[in-house]
Protein chains: 2
Amino acid sequence: MLSRYFTDEGYRVSTAESGDELRDRMRREEPDIVLMDLMLPGEDGLQLARDIRAHSDVGIIMITGRSDVVDRIVGLEIGADDYIAKPFNLRELHARIKTVLRRLRPNHDAPEPKQAENLICFEGWRLSAERRELRDPAGREVPLTTGEFDLLLALAQRPGRVIDRDTLMDLTRGRGREAFDRTIDAQVARLRKKIETAPHKPTLIKSVRGVGYVFTGQVSRG
Amino acid sequence: MLSRYFTDEGYRVSTAESGDELRDRMRREEPDIVLMDLMLPGEDGLQLARDIRAHSDVGIIMITGRSDVVDRIVGLEIGADDYIAKPFNLRELHARIKTVLRRLRPNHDAPEPKQAENLICFEGWRLSAERRELRDPAGREVPLTTGEFDLLLALAQRPGRVIDRDTLMDLTRGRGREAFDRTIDAQVARLRKKIETAPHKPTLIKSVRGVGYVFTGQVSRG
DNA sequence: CGGTTTTCGTTACAAATTGTCATAAAGTCT
DNA sequence: AGACTTTATGACAATTTGTAACGAAAACCG
């Protein structure tokens with residue numbers, strides 16, 4: 001079931017039935033991430049995970065039946081990157097996988113290397129990551145709340161790239177979002193009201209239906 | 001039957017009756033993609049596939065009789081790029097082949113490397129991939145919805161090339177489309193209404209009966 | 001601490017977008 | 001021309017997004 005879902009989502013998926021098979025796959029296919037159930041038939045999942053972590057930097061996400069905090073701690077302690085308890089929903093698992101991948105491949109997703117003064121300029125506006133402030137083209141400071149600032153920064157650091165809501169949530173708050181969460185939408189609306197001249201026809205932050213938002217301002221750093 | 005069909009579609013097709021013959025062909029002809037039935041007479045299809053994958057990056061699509069999820073998993077697990085269960089229809093197989101080819105040869109089909117400003121100009125219009133906006137010859141912005149923009153971009157990035165509906169669907173939404181899906185047609189109609197002066201006699205996006213659509217505007221990038 | 005003020009998540013409803021369907025129109029073939 | 005396919009397009013329903021409003025939580029402030 002998992003295999004099917006993630007294949008459809010565009011991932012390349014392999015499965016292994018045993019620790020040996022897993023090790024074999026790792027050598028051959030060099031996966032980016034390993035998803036494993038703690039409860040393995042006839043094998044110690046924890047030991048296996050510890051083992052893999054000892055030999056590789058691959059991302060590891062543990063799945064477990066018991067939702068004990070103990071398990072969580074133990075799981076993370078041995079070096080798993082994240083942990084999810086059954087029953088879980090696929091979207092949440094997917095979100096966590098994306099998060100781990102993002103953390104693992106900094107170049108793929110990271111904000112531009114922070115050089116100079118960490119100043120992001122677009123269409124006359126200046127956003128300073130250091131000072132956590134935004135100035136409009138006339139040089140006046142536009143007061144942003146913490147959440148608005150984080151959101152704008154997350155978007156403006158990745159101009160031209162569509163970012164889905166889960167990722168935005170993760171980027172601005174750390175943890176994933178619930179199923180029918182409109183938090184990001186609301187925050188985008190508030191932010192637009194402050195920085196767009198015509199919030200109904202936004203030019204800086206555009207929506208991409210079914211996905212998320214993009215920052216479409218012309219960015220130059222300085 | 002397959003050979004006939006794909007030859008007619010303009011592909012170069014070779015067939016092999018055995019694993020040895022396949023290996024031989026691979027050396028001589030360096031195919032882009034291998035289509036193989038899991039059920040081979042007197043040979044282990046899985047092992048053969050694994051073997052090929054070990055030596056080459058060729059695209060592999062597995063065909064199998066049983067539609068078990070198990071098979072699917074096993075097929076993808078050994079590194080096949082896609083999988084299709086009998087009975088399948090040719091159009092679907094063709095769509096999957098195109099998808100795999102597209103994935104494998106990024107340069108053949110990918111949007112131009114994003115340089116400069118990623119601006120596509122045609123007949124006075126300017127389409128900016130970065131800003132996700134379109135401006136008419138007079139410089140006025142023409143508001144496009146997400147779907148319209150994605151469609152126009154997909155077409156305009158490949159001027160003069162006929163693109164079939166499956167590919168368009170794949171290009172604009174990621175996953176394939178159902179059999180009698182008029183989605184693309186509807187979207188094309190909506191797009192034409194916004195950018196063609198005479199939507200009934202389109203000059204920018206033309207239909208190609210039995211296939212799909214072409215972008216026929218004179219394109220220059222800048 | 002208690003009282004204020006902000007901020008933000010949630011909800012509800014409006015607006016926009018898009019898939020689907022039905023029907024008309026156009027194209028193809030004999 | 002007639003029969004049959006394929007495409008165009010308006011209408012409509014389902015989905016997704018925008019945004020105001022409300023109240024809980026957090027931050028602030030003596």
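A, B, ... follow the sequence lines: proteins, then strands. Residue 1 opens every chain. Scope of the values below: all heavy atoms of this structure, side chains included, with no hydrogens, waters or symmetry mates.
Checked against C:dA16, C:dT20, C:dG9, the side chain of A:T183 finds its nearest nucleotide in C:dG9.
Salt-bridge formation is detected for the pair B:D150/B:R132: a Lys NZ or Arg NE/NH1/NH2 atom is positioned less than 4.0 Å from an Asp or Glu carboxylate oxygen. Checked for salt-bridge contact, B:R131 and A:E123 meet the test: a charged N lies under 4.0 Å from a carboxylate O. A salt bridge does not link A:K194 with A:D136: every distance from a Lys NZ or Arg NE/NH1/NH2 to an Asp or Glu carboxylate oxygen is 4.0 Å or more.
At whole-Å resolution of the value, CG in A:D181 and C1' in C:dT11 are 12 Å apart. With rounding to whole Å, A:R209 atom CZ is found 16 Å from C:dA15 atom P. C:dG9 atom P lies 8 Å from atom CD1 of A:I184, rounded to whole Å. Atom-to-atom, NZ of A:K206 to C1' of C:dT17 comes out at 16 Å; the value is rounded to the nearest Å. Rounded to whole Å, the distance from NZ on A:K194 to P on C:dC8 is 8 Å. Distance B:R182 CZ to C:dA26 P: 16 Å, rounded to the nearest Å. With rounding to whole Å, B:D185 atom CG is found 14 Å from C:dA22 atom C1'. The nearest whole Å value for the distance from the NZ atom in B:K193 to the P atom in C:dT17 is 13 Å.
Distances shown here put every side-chain N or O of A:T145 at or beyond 4.0 Å from the OP1 or OP2 atom of C:dT6. At C:dT7, none of the side-chain N or O atoms of A:T146 fall inside 4.0 Å of OP1 or OP2 (strictly under the cut-off).
Looking at A:D185 and A:Y213, their side chains do bring a donor and an acceptor atom within 3.5 Å of each other.
Side-chain contact between B:R140 and B:R135 is absent, with no heavy-atom pair separated by less than 4.5 Å. Counting heavy atoms from C-beta outward, A:F122 and A:Q218 have side chains that stay 4.5 Å or more apart.
Counting non-hydrogen atoms under 4.0 angstrom, A:R190 reaches a base of the nucleic acid. The residue A:F149 sits apart from the nucleic acid: no heavy atom pair falls under 4.0 Å.
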*For B:K98 and B:D170, what are the C-alpha separation, side-chain angles and deciding distance, and is it a salt bridge (Lys or Arg N to Asp or Glu O under 4.0 Å)?*
CA-CA 10 Å; B:K98 281 186 283 194; B:D170 195 50; over 6 Å; no
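Of all nucleotides in DNA chain D, those with any atom nearer than 4.0 Å to a heavy atom of chain A start and finish, going 5' to 3', at D:dT15 to D:dA21.
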